[in-house]
Participant: 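Below you will find the structure I want to go over with you.
In this text the structure is predicted, and so the values were computed from the model without any measurement. Below, read A as the first sequence line, B as the second, and so on, with proteins coming before strands; counting in each chain starts at 1.
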Number of protein chains: 2
Amino acid sequence: MSPAVESGDVVDDVRRAIFEGDFVPGQRLIEVDLSTQFHASRASVRSALVQLAGEGLVERIQNRGARVRAVSLDEAVEISEVRMVVEGLCAAKAAQRASEQDLATLRGIATDMRAAVDAGDVLAYSELNRRLHATVRSVADQSVADAVLDRLRGQNVRHQYRLALLPGRASVSLPQHLEIVEAICARDAGRAEAAMRAHLASVIETLPQVGSPADA
Amino acid sequence: MSPAVESGDVVDDVRRAIFEGDFVPGQRLIEVDLSTQFHASRASVRSALVQLAGEGLVERIQNRGARVRAVSLDEAVEISEVRMVVEGLCAAKAAQRASEQDLATLRGIATDMRAAVDAGDVLAYSELNRRLHATVRSVADQSVADAVLDRLRGQNVRHQYRLALLPGRASVSLPQHLEIVEAICARDAGRAEAAMRAHLASVIETLPQVGSPADA
DNA sequence: GGCGCAAGGATTGTCAACAATTTCGTCCGC
DNA sequence: GCGGACGAAATTGTTGACAATCCTTGCGCC
């Protein structure tokens with residue numbers, strides 16, 4: 001028999017289950033069910049649900065239990081608007097703080113992005129997109145902004161995911177990504193922030209096209 | 001004897017105690033002590049601590065308990081930088097969405113601010129400052145940005161508070177506040193965002209002068 | 001047939017006791 | 001006098017049971 005699992009793992013398990021779609025928005029999360037599913041005590045599950053509610057991933061109502069929170073399209077737009085300004089801040093800081101090594105990494109991602117678009121490899125481009133944003137945040141070295149972005153990304157991971165699959169999306173965002181890299185390499189903070197904001201503004205404009213994740 | 005207190009109240013009680021300085025940064029928060037102090041069960045306290053850890057107000061270490069989190073000056077600066085861009089977003093949205101009624105409220109606050117500075121009433125000015133920022137956020141009607149700002153404000157409430165007491169601070173920030181109101185009343189989103197950012201940039205510059213709250 | 005209503009099941013909230021871990025003081029050997 | 005091992009106290013983590021609440025189902029009544 002496996003020993004008792006400490007609560008920290010349960011949070012990760014449930015969070016991953018939500019991310020991977022094992023738990024769909026609106027689905028009830030019943031404490032005893034989760035405790036058997038993840039081999040944890042009910043107290044651990046309970047603590048995990050409180051924590052996930054704080055992250056905005058689940059919704060808890062007094063005496064009625066928890067369910068996976070569904071984010072509406074309107075809310076996804078608001079989330080992306082906040083992301084826009086905060087990632088803009090990160091881009092500006094990155095332009096100020098990047099080492100030569102960092103710039104080389106960014107240029108490498110830019111090159112690979114071009115290649116992925118040429119090859120029509122949507123999946124590779126999507127991964128590079130993730131890496132570019134992650135690298136900018138890492139270079140910016142803003143722990144608070146980073147934490148805020150993590151929280152926000154968790155909430156509309158579903159919307160994000162569907163966006164990358166839109167046909168022709170890559171050819172629109174590629175020049176925006178290249179401009180971000182170029183601005184940072186030029187160490188122009190203002191231009192880097194503007195480029196990042198322009199890119200995410202474009203993402204926001206595209207969001208309604210992908211529709212609400214409910215009607216898949 | 002008062003009946004058992006539900007956990008929701010404990011969160012508020014502890015949060016308020018931290019805000020009001022009853023619990024100082026670094027202070028250990030022992031579960032049984034809190035449960036007697038707030039007439040709650042240990043489970044409620046425990047749940048409250050998990051929640052507050054999610055809000056970034058307390059720090060919890062495995063098997064070592066919880067303590068009030070101390071935010072360094074560097075972190076306070078980072079928090080304010082994020083606040084700068086997010087409140088900038090709110091100011092821009094407010095400029096787009098404000099009703100005539102909203103504009104009247106803002107102009108009223110501006111008038112009162114001038115009067116408070118003339119009268120040298122620091123406390124009244126501080127309260128008006130709070131009201132101005134709250135009104136802008138309310139008019140912007142951005143629930144996500146609002147939640148982010150609430151979280152951030154909770155973490156450096158101590159730094160904020162000390163700032164208002166700096167002599168001569170009001171005369172510096174008054175024109176900035178007036179410019180924010182003017183820009184919103186002109187329905188100029190770009191100018192409103194720039195004004196809000198300039199104001200908070202000024203706050204950030206001033207932060208080091210107030211020093212770390214530890215050495216009071 | 002529709003509607004109020006009570007009983008039952010399902011689920012969450014609370015509590016007290018127990019186990020595990022850390023911390024602190026003490027004592028022994030050097 | 002000092003460092004390390006031992007042990008007790010303090011504190012957190014976990015468990016199981018019980019109480020409170022909500023939802024469903026079936027019944028009687030209009």
Participant: Which is it for B:Phe38 and B:Val45 under the side chain to side chain contact (heavy atoms under 4.5 Å, CB included) test, yes or no, and what are the steps along the way?
Facilitator: CA-CA 9 Å; B:Phe38 296 120; B:Val45 170; 5.7 Å; no
Participant: Taking the minimum atom-to-atom distance to the side chain of A:Ile30, which one of C:dT14, D:dG13, C:dT12 wins?
Facilitator: C:dT12
Participant: Indicate, with a heavy-atom threshold strictly under 4.0 Å, whether B:Leu49 touches base, sugar-phosphate, or nothing.
Facilitator: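 Result for B:Leu49 = nothing.
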Participant: Can you measure B:Phe38 atom CZ to C:dC15 atom C1' for me and round it to whole angstrom units?
Facilitator: 20 Å
Participant: Whole-Å distance between C:dT14 P and A:Glu31 CD?
Facilitator: 11 Å
Participant: Side chain of B:Arg42 only, please: which of C:dT22, D:dT14, C:dG13 is the nearest?
Facilitator: D:dT14
Participant: Starting from P on C:dT11, measure out to CG on A:Leu34 and report it in whole angstrom.
Facilitator: 11 Å
Participant: Go through C:dT11, D:dT12, D:dC22 for me and flag the one nearest to the B:Asn63 side chain.
Facilitator: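 Nucleotide nearest to B:Asn63's side chain: D:dT12.
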Participant: Ignoring the backbone of B:Arg46, work out which of C:dG13, D:dT11, D:dG13 is nearest its side chain.
Facilitator: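 Closest of the options to the side chain of B:Arg46: D:dG13.
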Participant: Below 4.0 angstrom, N of the basic side chain to O of the carboxylate: do A:Lys93 and B:Glu78 qualify?
Facilitator: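 Salt bridge: no.
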Participant: Between D:dG13 and B:Arg64, counting only base atoms on the nucleotide and side-chain atoms on the residue, is there a donor-acceptor pair under 3.5 Å?
Facilitator: no
Participant: Between B:Glu100 and B:Arg187, is there a side-chain N and carboxylate O pair less than 4.0 Å apart?
Facilitator: yes
Participant: On a heavy-atom basis, which atom in B:Ser47 and which in A:Val50 lie closest, and how many Å separate them?
Facilitator: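 Heavy atoms of B:Ser47 and A:Val50 come nearest at OG-CG2, 3.8 Å.
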Participant: For a quick test of reading the model: is some side-chain N or O of B:Ser41 closer than 4.0 Å to OP1 or OP2 of C:dT14?
Facilitator: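 It does not, given that no N or O in the side chain of B:Ser41 lies less than 4.0 Å from OP1 or OP2 of C:dT14.
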Participant: Between A:Leu29 (CG) and C:dT11 (P), how many Å, whole number?
Facilitator: 13 Å
